Amino acid sequence: MSFQLITIPCLSDNYAFLVHDRDSKKTLLVDVPEAAPIKKALVETGWTLSDVLITHHHADHVQGLEELLHAHPARVIGAATDQHRLPPLDLAVTEGDNFKIGTQNGRVFDVSGHTIGHIAVLFEEEKLLFTADSLMALGCGRLFEGSATQMWNSLLKLTALDPDCLVCSGHEYTSANARFALTIEPQNAALKDRIRRISDLRNKNQPTVPSTLREELETNPFLRPQSANIRHILGMQNASDDQVFAEIRCRKDKF
Ligand code: ZN
Ligand code: FE
C-alpha cells in the first residue's frame with residue numbers, strides 16, 4: 001500500500017478525505033466542505049496538497065475550495081458534464097477516464113442520481129473507492145436530480161468492484177440509515193451485527209466511514225433489491241431490481 005488515508009470530519013456531518021502517496025509525496029483531497037479542518041490536517045501531517053477531487057456540485061462538498069486553494073494551490077479535478085456549476089477545473093473528467101496520483105491510477109465513474117454529473121473514483125490497486133453522496137454507509141444519496149433507475153444503474157457499477165474496497169462516502173448518516181435498514185430487512189443477521197458495531201463507534205464519537213464494499217453488499221438495503229426477504233416484505237416478488245430499489249428509496253424519503 002503506498003497510500004495513507006485520513007478521514008476528516010467537517011461541518012456537522014460531512015467527511016473530506018486526504019490521501020497521501022508515500023512514493024511520490026502527492027496528496028489528494030476528496031471534497032472540500034470547509035477549509036479549516038483540512039488546513040489543520042495538512043499542517044499536522046506535513047503533507048503538501050497536490051490535487052483536489054470534487055465529487056459533485058453541492059455546496060457542502062465544494063464551498064471550502066477557494067479558501068483552501070489560497071493557502072494550498074492544487075490541481076482541481078471534477079466532472080466535465082458539471083463544469084458550468086463547479087468551481088474552475090484544471091482537469092475535467094468523464095466516465096472511464098483515468099488520472100494519476102503519483103503512480104496510482106484513479107478511475108472515474110459517472111454515478112448520477114443524487115445529482116446529474118456526480119462522479120466516484122476508484123484507486124484499484126489501493127482498493128479505495130470515493131463515493132460521496134452516491135453509495136453511502138448503509139444508504140445512498142437522496143435523488144435530487146436523477147431518477148431511481150439512474151441511481152440504481154450507477155450503484156450497479158460500484159457493486160461489480162472488488163468487495164475488499166474501502167467505501168469512502170460523504171456523510172455520517174449511518175445511524176439513521178441503520179434504523180431504516182432494519183425496517184426493510186429485519187432478519188438480516190449481518191445487518192444486526194453491523195448495527196452493534198455502528199453504535200459502539202458512535203458512542204465513542206468515531207466515524208463509521210469508510211466501510212467496506214463487502215459489508216455494504218451484505219447489509220445495505222439499497223444494494224439488495226434481489227433479496228427474497230426484502231421482496232417478500234415489500235410484496236414485490238415479481239418486480240425488477242430497479243423497481244424494488246425505487247420502492248426502498250421512496251420509503252427512505254418518508255422515513
Ligand atoms: Zn450532495
Ligand atoms: Fe452532501
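Numbering of ligands and ligand atoms starts at 1, following listing order. Source: prediction; values computed, not measured.
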Chi angles and distances behind the side-chain contact (heavy atoms from CB on, under 4.5 Å) call for Trp152, Arg249: CA-CA 10 Å; Trp152 174 243; Arg249 187 58 257 177; over 6 Å; no
Any side-chain donor near an acceptor of the partner, Ser112 and Gln150, under 3.5 Å: no
The Fe ion (ligand 2) to Asp60: nearest N/O/S atom name: OD2
Short N/O/S contact of Asp60 with the Zn ion (ligand 1) (below 2.8 Å): no
Degrees at the Zn ion (ligand 1) between the NE2 atom of His56 and the OD2 atom of Asp133, nearest 10°: 90°
Arg194/Glu218 salt bridge by N-O under 4.0 Å criterion: no
Considering only N, O or S atoms of Asp133, the one closest to the Fe ion (ligand 2): OD2
Lys204 with Asp200: basic N within carboxylate O range, under 4.0 Å: no
Side chains of Ser175 and Arg202, donor plus acceptor under 3.5 Å: no
Shortest-distance N, O or S atom of His114 relative to the Zn ion (ligand 1): NE2
Any N, O or S atom of His61 closer than 2.8 Å to the Fe ion (ligand 2): yes
Donor on one side chain, acceptor on other, His56 and Glu145, under 3.5 Å: no
Shortest-distance N, O or S atom of His58 relative to the Zn ion (ligand 1): ND1
The Fe ion (ligand 2) to nearest N/O/S of His171 below 2.8 Å: yes
Beyond-backbone contact of Leu158 with Leu223, side-chain heavy atoms, under 4.5 angstrom: no
Short N/O/S contact of His61 with the Zn ion (ligand 1) (below 2.8 Å): no
